[in-house]
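Below: the structure, in structure tokens.
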Amino acid sequence: MLAERIKAVKPSATLEITAKAKVLRGQGRDIIGFGAGEPDFDTPEHIKKAAYRAIDEGFVYYTPTVGIPELREAIAEKLNVENKIQCSAENIIVTPGAKQALYEAIMVLVNPGEEVLIPSPYWVSYLPMVQLASGKPVFIPTGVDGEFKLGAEQILERITDKTKLLILNSPCNPTGAVLGREDIKAIADICRDKSIHIISDEIYEYIIYNGKEHVSIGSFPDMEDLTITINGFSKAYSMTGWRLGYASAREDILKAMQRLQAHSVSHPTSFVQKAGFVALTSPESKAQIEKMVRAFDERRKIITERLIEIPEVKCSKPDGTFYVFANFSAYEEDSFRLAEYLLEKAGVACVPGEAFGEECRGYLRLSYALSMEKITEGVERIKRALKNYEVKR
Ligand code: PMP
Ligand code: GLU
């Protein structure tokens, strides 16, 4: 009965595990949630106030499809100044979440059968979006050396006359890997040479450690026309539930995304856009982001230290995001089974590695966007539960 296009699409593993944990909590179980990829901080007060103000002032009607002019201007200004991407407000579309911006970009660019390069491990929604566009996903495994770094050579090897797009995500969900300037330059050179478009998902740009620099591929010469830069407010400003994101793209691509948005979601919520403008332009926001990233950094150190204390568990050292992608294959190759076991027996929610790529058997993604106490208690529970798991094997 259902349409073919939805049949291959699996549920979102990240959202599912979070929902499952919520149900168990509702039944009175004490669950520690390493699943949800969302900051545990409240949205900063000055941003909330901007939304209250907008509602009070009656800013409750439809807005232009592409977003309110002052927000588009502010986004263009940010991209020019911080990311060195040459663009104007005409190149900006504001969307209900970065997810919608990604979906629109893929839908308007990919023809049936065209190939989309997806470095793997990859964030759970890229594959379903490509499937919905009837594109052909071509995965590029990046985990071979344990560093999860995408090499330009790997891209070159997979380019065919059907290659349309590369999806780049640095800092990367789920691995936390951050590509350096030289890595990005090499990728830009290949894509420019072969006229491959790039969707650059930069939603974790501020959540970065070890003095690493975030580099936007759209800032390299002649790359602004080939690159669709995606970003959003969910992570940087703790605004996951508000649903606000954006894309910057060449005008013809932007106009196509505008048509898709006009006939589907119309535009992001009016007063949320006003709050987004304040988030982006208020000097208070920067201090809040710094405070949040410092907290994540401390948690990152503790969670990686504690995880590698568990016998045989291997854990990458993430330079960005708030995820660790840890290898538990010494205990269990089937990551869905392991995640289920940990949820049931230890009351700990993690996302199975295989949701991020089929080669990620034995991996679990743990989000450390939760308190230090919960992190240490949660890892301790995993450690205890795995002792029994070994006995069971
Ligand atoms: N890209 C990545 C890599 C993500 O982890 C997420 C998860 N929130 C998104 C995009 C979508 O973010 P949102 O729709 O909340 O802006
Ligand atoms: N992006 C977050 C995650 O990876 C939130 C859930 C989602 O949108 O997939 O957990």
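Each ligand, and each atom within it, is numbered from 1 in the order the structure gives.
Where the criterion is an N or O separation shorter than 3.5 Å, residue side chain and backbone included, Y126 fails it with respect to ligand 1. Here's the thing with G37: one of its N/O atoms is less than 3.5 angstrom from an N/O atom of ligand 2. Remark: ligand 1 and Q100 share no N or O pair separated by less than 3.5 Å (distance only, no angle test). Not a single N or O atom of N169, backbone or side chain, sits closer than 3.5 Å to an N or O atom of ligand 1.
Among all non-hydrogen protein atoms, the one lying nearest atom 15 (O) of ligand 1 is S234 OG, 2.6 Å. The shortest contact between atom 9 (O) of ligand 2 and any protein heavy atom is with T14 OG1, 2.7 Å. Looking only at protein heavy atoms, the nearest one to atom 8 (N) of ligand 1 is K235 NZ, 2.7 Å. In this structure, atom 12 (O) of ligand 1 lies nearest to the protein heavy atom I203 CD1, 3.4 Å. Shortest contact from atom 16 (O) of ligand 1 to any protein heavy atom: A98 N, 2.7 Å. When only non-hydrogen protein atoms are considered, atom 6 (C) of ligand 1 lies nearest to W123 CZ2, 3.5 Å.
Clustering ILVMFWY residues whenever any of their side-chain heavy atoms sit less than 4.5 angstrom apart, transitively, puts Y52 in a cluster other than the one holding I68. Cluster annotation: M292 is connected to I375 through the hydrophobic network of ILVMFWY side chains, with a link wherever side-chain heavy atoms come within less than 4.5 Å. The hydrophobic clustering, which links ILVMFWY residues whose side-chain heavy atoms are closer than 4.5 Å, places V130 and I196 apart. Both L307 and Y341 are part of a single hydrophobic cluster, where members link through side-chain heavy atoms under 4.5 Å apart.
Heavy-atom contacts of G97 reach the following atoms of ligand 1: 14 (O), 16 (O) (cutoff under 4.0 Å). Within ligand 2, counting atoms from 1 as listed, the ones closer than 4.0 Å to a heavy atom of L15 are 6 (C), 7 (C). Remark: ligand 2 atoms within the under-4.0 Å shell around heavy atoms of Y323 are 2 (C), 3 (C), 4 (O), 10 (O). Remark: ligand 1 atoms within the under-4.0 Å shell around heavy atoms of R243 are 13 (P), 14 (O), 15 (O). Shown in contact with N173 at under 4.0 Å from a heavy atom are these atoms of ligand 1, numbered in order with element: 3 (C), 4 (C), 5 (O).
Heavy atoms of Y204 come nearer than 4.0 angstrom to ligand 1 in at least one pair. Heavy atoms of K235 approach ligand 2 to within less than 4.0 angstrom.
Taking each of R365, E38, K99 in turn, the one with a heavy atom nearest to atom 3 (C) of ligand 2 proves to be R365. Taking each of L102, D201, N231 in turn, the one with a heavy atom nearest to atom 3 (C) of ligand 1 proves to be D201.
Annotation for E114: atom CD counts as buried by contact number, over 12 foreign heavy atoms lying within 6.0 Å.
The minimum heavy-atom distance linking L244 with G276 is given by the pair CD2-CA, 3.6 Å.
Looking at I310 and I382, their side chains come closer than 4.5 Å, going by heavy atoms from C-beta outward. In this structure the side chain of L127 reaches within 4.5 angstrom of the side chain of F139, judged on heavy atoms.
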- Message: Using side-chain hydrogen bond (donor to acceptor under 3.5 Å, both in side chains), reason through H214 and R181 one step at a time and then give a plain yes or no.
- Response: CA-CA 8 Å; H214 170 73; R181 181 169 290 280; over 6 Å; no
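Residue contacts with ligand 2 for T18 are absent, since no atom lies close enough (heavy atoms, distance under 4.0 Å).
A side chain to side chain contact (heavy atoms under 4.5 Å, CB included) with L179 is found for exactly one of N169, L168, V215, namely L168. Tested against Y323, the residues Y204, Y368, F296 include a single ring-ring contact (aromatic ring centres under 6.0 Å, His included) partner, Y204. A ring-ring contact (aromatic ring centres under 6.0 Å, His included) with F325 is found for one member of Y363, F34, Y122 and no other, namely Y363.
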